[in-house]
> 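Just dropping this structure here.
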Amino acid sequence: MAKKSSAGATKAPSINIGISDKDRAAIAGGLSRLLADTYTLYLTTHNFHWNVTGPMFNTLHAMFMEQYTELWNAVDPVAERIRSLGHPAPGSYAAYGALASIPDAPATPPAALEMVRILKEGHEAVARTARSVFPLADKAGDEPTADLLTQRLTVHEQTAWMLRSLLES
Ligand SMILES: [Fe+2]
(Lines give C-alpha, C1' and ligand atoms only; values in the text may rest on other atoms or scores of the structure.)
Protein backbone atom coordinates (compact mmCIF):
# COMPACT_ATOMS: atom_id res chain seq x y z
CA MET A 1 0.00 0.00 0.00
CA ALA A 2 1.39 3.42 -0.92
CA LYS A 3 1.44 6.00 1.87
CA LYS A 4 -0.71 9.09 1.71
CA SER A 5 0.86 12.51 2.14
CA SER A 6 -0.74 15.12 4.37
CA ALA A 7 -2.42 16.57 1.28
CA GLY A 8 -4.14 13.24 0.73
CA ALA A 9 -2.38 12.43 -2.55
CA THR A 10 -0.97 8.92 -2.97
CA LYS A 11 2.80 9.01 -2.58
CA ALA A 12 4.83 6.27 -4.23
CA PRO A 13 7.75 4.83 -2.26
CA SER A 14 11.04 6.41 -3.31
CA ILE A 15 13.39 4.65 -5.74
CA ASN A 16 17.14 4.78 -5.21
CA ILE A 17 18.90 2.51 -7.73
CA GLY A 18 21.58 5.00 -8.72
CA ILE A 19 19.72 6.47 -11.71
CA SER A 20 18.32 9.98 -11.31
CA ASP A 21 14.55 10.59 -11.47
CA LYS A 22 15.06 12.56 -14.64
CA ASP A 23 17.03 9.79 -16.35
CA ARG A 24 14.57 7.11 -15.21
CA ALA A 25 11.72 9.14 -16.68
CA ALA A 26 13.55 9.67 -19.97
CA ILE A 27 14.48 5.99 -20.34
CA ALA A 28 10.97 4.84 -19.38
CA GLY A 29 9.60 7.22 -22.03
CA GLY A 30 11.89 5.72 -24.66
CA LEU A 31 11.00 2.17 -23.62
CA SER A 32 7.31 3.08 -23.81
CA ARG A 33 7.81 4.03 -27.46
CA LEU A 34 9.62 0.72 -28.00
CA LEU A 35 6.77 -1.16 -26.31
CA ALA A 36 4.18 0.58 -28.50
CA ASP A 37 6.17 -0.20 -31.65
CA THR A 38 6.73 -3.83 -30.65
CA TYR A 39 3.06 -4.40 -29.83
CA THR A 40 1.88 -2.73 -33.03
CA LEU A 41 4.30 -4.80 -35.12
CA TYR A 42 3.20 -7.93 -33.22
CA LEU A 43 -0.45 -7.29 -34.14
CA THR A 44 0.30 -6.52 -37.78
CA THR A 45 2.39 -9.69 -38.08
CA HIS A 46 -0.39 -11.82 -36.54
CA ASN A 47 -2.90 -10.13 -38.85
CA PHE A 48 -0.75 -11.07 -41.86
CA HIS A 49 -0.42 -14.67 -40.56
CA TRP A 50 -4.23 -14.85 -40.71
CA ASN A 51 -4.74 -13.04 -44.01
CA VAL A 52 -1.83 -13.97 -46.28
CA THR A 53 -2.83 -15.58 -49.59
CA GLY A 54 -1.12 -16.81 -52.77
CA PRO A 55 1.52 -19.32 -53.83
CA MET A 56 3.79 -18.40 -50.89
CA PHE A 57 1.02 -19.09 -48.35
CA ASN A 58 2.70 -21.98 -46.50
CA THR A 59 6.07 -20.27 -46.18
CA LEU A 60 4.75 -16.87 -45.13
CA HIS A 61 1.99 -18.21 -42.85
CA ALA A 62 4.62 -20.19 -40.91
CA MET A 63 7.26 -17.44 -40.99
CA PHE A 64 4.80 -14.82 -39.73
CA MET A 65 3.83 -17.14 -36.86
CA GLU A 66 7.46 -17.44 -35.79
CA GLN A 67 7.83 -13.67 -35.97
CA TYR A 68 4.63 -12.74 -34.09
CA THR A 69 5.46 -15.28 -31.37
CA GLU A 70 8.87 -13.68 -30.87
CA LEU A 71 7.32 -10.18 -30.76
CA TRP A 72 4.63 -11.31 -28.32
CA ASN A 73 7.30 -12.68 -25.99
CA ALA A 74 9.28 -9.44 -26.29
CA VAL A 75 6.62 -7.03 -25.03
CA ASP A 76 6.70 -8.37 -21.45
CA PRO A 77 10.40 -7.74 -20.65
CA VAL A 78 10.15 -4.23 -22.13
CA ALA A 79 7.05 -3.41 -20.05
CA GLU A 80 8.61 -4.87 -16.90
CA ARG A 81 11.80 -2.84 -17.39
CA ILE A 82 9.62 0.31 -17.48
CA ARG A 83 8.07 -0.83 -14.16
CA SER A 84 11.51 -1.48 -12.66
CA LEU A 85 12.37 2.11 -13.48
CA GLY A 86 9.34 3.23 -11.49
CA HIS A 87 6.98 4.20 -14.30
CA PRO A 88 3.63 2.81 -15.50
CA ALA A 89 3.79 0.62 -18.61
CA PRO A 90 1.38 1.74 -21.36
CA GLY A 91 -1.03 -1.04 -22.35
CA SER A 92 -3.94 0.29 -24.39
CA TYR A 93 -4.62 0.74 -28.08
CA ALA A 94 -5.07 4.49 -27.50
CA ALA A 95 -1.65 4.78 -25.82
CA TYR A 96 0.03 2.61 -28.45
CA GLY A 97 -1.57 4.62 -31.25
CA ALA A 98 -0.15 7.81 -29.74
CA LEU A 99 3.31 6.39 -28.99
CA ALA A 100 4.06 4.12 -31.96
CA SER A 101 6.31 5.24 -34.81
CA ILE A 102 4.82 2.64 -37.17
CA PRO A 103 1.32 2.73 -38.69
CA ASP A 104 -1.50 0.37 -37.80
CA ALA A 105 -2.05 -2.64 -40.10
CA PRO A 106 -3.87 -1.73 -43.33
CA ALA A 107 -7.66 -2.18 -43.17
CA THR A 108 -7.66 -4.40 -46.28
CA PRO A 109 -5.13 -7.26 -46.38
CA PRO A 110 -2.40 -6.42 -48.91
CA ALA A 111 -0.79 -8.86 -51.36
CA ALA A 112 1.75 -11.28 -49.90
CA LEU A 113 4.89 -9.43 -50.96
CA GLU A 114 3.42 -6.11 -49.85
CA MET A 115 2.96 -7.71 -46.41
CA VAL A 116 6.64 -8.64 -46.46
CA ARG A 117 7.56 -5.06 -47.40
CA ILE A 118 5.39 -3.59 -44.63
CA LEU A 119 6.94 -5.93 -42.02
CA LYS A 120 10.47 -5.15 -43.23
CA GLU A 121 9.73 -1.42 -42.81
CA GLY A 122 8.24 -2.18 -39.40
CA HIS A 123 11.30 -4.05 -38.14
CA GLU A 124 13.59 -1.31 -39.42
CA ALA A 125 11.44 1.31 -37.65
CA VAL A 126 11.49 -0.60 -34.35
CA ALA A 127 15.27 -0.93 -34.67
CA ARG A 128 15.50 2.87 -35.06
CA THR A 129 13.31 3.37 -31.99
CA ALA A 130 15.40 0.94 -29.89
CA ARG A 131 18.61 2.60 -31.10
CA SER A 132 17.31 6.07 -30.18
CA VAL A 133 16.93 4.98 -26.53
CA PHE A 134 20.53 3.75 -26.28
CA PRO A 135 22.23 7.11 -25.56
CA LEU A 136 19.80 7.67 -22.64
CA ALA A 137 20.57 4.26 -21.10
CA ASP A 138 24.29 4.69 -21.73
CA LYS A 139 24.46 8.13 -20.14
CA ALA A 140 22.64 6.89 -17.02
CA GLY A 141 24.73 3.70 -16.69
CA ASP A 142 21.52 1.68 -17.14
CA GLU A 143 23.03 -1.66 -18.21
CA PRO A 144 19.83 -3.75 -17.92
CA THR A 145 18.09 -1.41 -20.39
CA ALA A 146 21.16 -1.35 -22.67
CA ASP A 147 21.20 -5.17 -22.59
CA LEU A 148 17.49 -5.36 -23.44
CA LEU A 149 17.94 -2.87 -26.28
CA THR A 150 20.88 -4.88 -27.64
CA GLN A 151 18.77 -8.04 -27.70
CA ARG A 152 15.86 -6.27 -29.41
CA LEU A 153 18.15 -4.62 -31.98
CA THR A 154 19.70 -7.99 -32.87
CA VAL A 155 16.26 -9.52 -33.52
CA HIS A 156 14.84 -6.58 -35.47
CA GLU A 157 17.89 -6.13 -37.68
CA GLN A 158 18.09 -9.88 -38.40
CA THR A 159 14.36 -10.13 -39.17
CA ALA A 160 14.55 -7.05 -41.42
CA TRP A 161 17.40 -8.72 -43.33
CA MET A 162 15.38 -11.94 -43.80
CA LEU A 163 12.32 -10.02 -45.02
CA ARG A 164 14.50 -7.86 -47.28
CA SER A 165 15.97 -11.03 -48.82
CA LEU A 166 12.47 -12.19 -49.79
CA LEU A 167 12.00 -8.94 -51.73
CA GLU A 168 15.21 -9.37 -53.75
CA SER A 169 15.00 -11.03 -57.14
FE1 LIG B 1 -2.31 -19.67 -36.55
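In this text, all values refer to a predicted model and were calculated from it rather than measured experimentally. As the structure lists them, so they are numbered: ligands from 1, and atoms in each ligand from 1.
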> Is the closest basic N to carboxylate O distance between E80 and R83 below 4.0 Å?
no
> Taking E124 first and then K120, would you say they form a salt bridge - that is, a charged N and a carboxylate O separated by under 4.0 Å?
yes
> Verify the distance criterion only: is there a donor paired with an acceptor across the side chains of T145 and R81 at less than 3.5 Å?
yes
> Is there a side-chain contact between M115 and P109 in this structure, where contact means two heavy atoms from C-beta onward sitting under 4.5 Å apart?
yes
> Using 4.0 Å as the upper bound for N to carboxylate O, is an ion pair formed by E157 and R131?
yes
> Indicate yes or no: does R128 engage D37 in a salt bridge with an N to O separation below 4.0 Å.
no
> Taking 2.8 Å as the upper limit, name the protein N, O or S atoms near the Fe ion (ligand 1).
H49 NE2
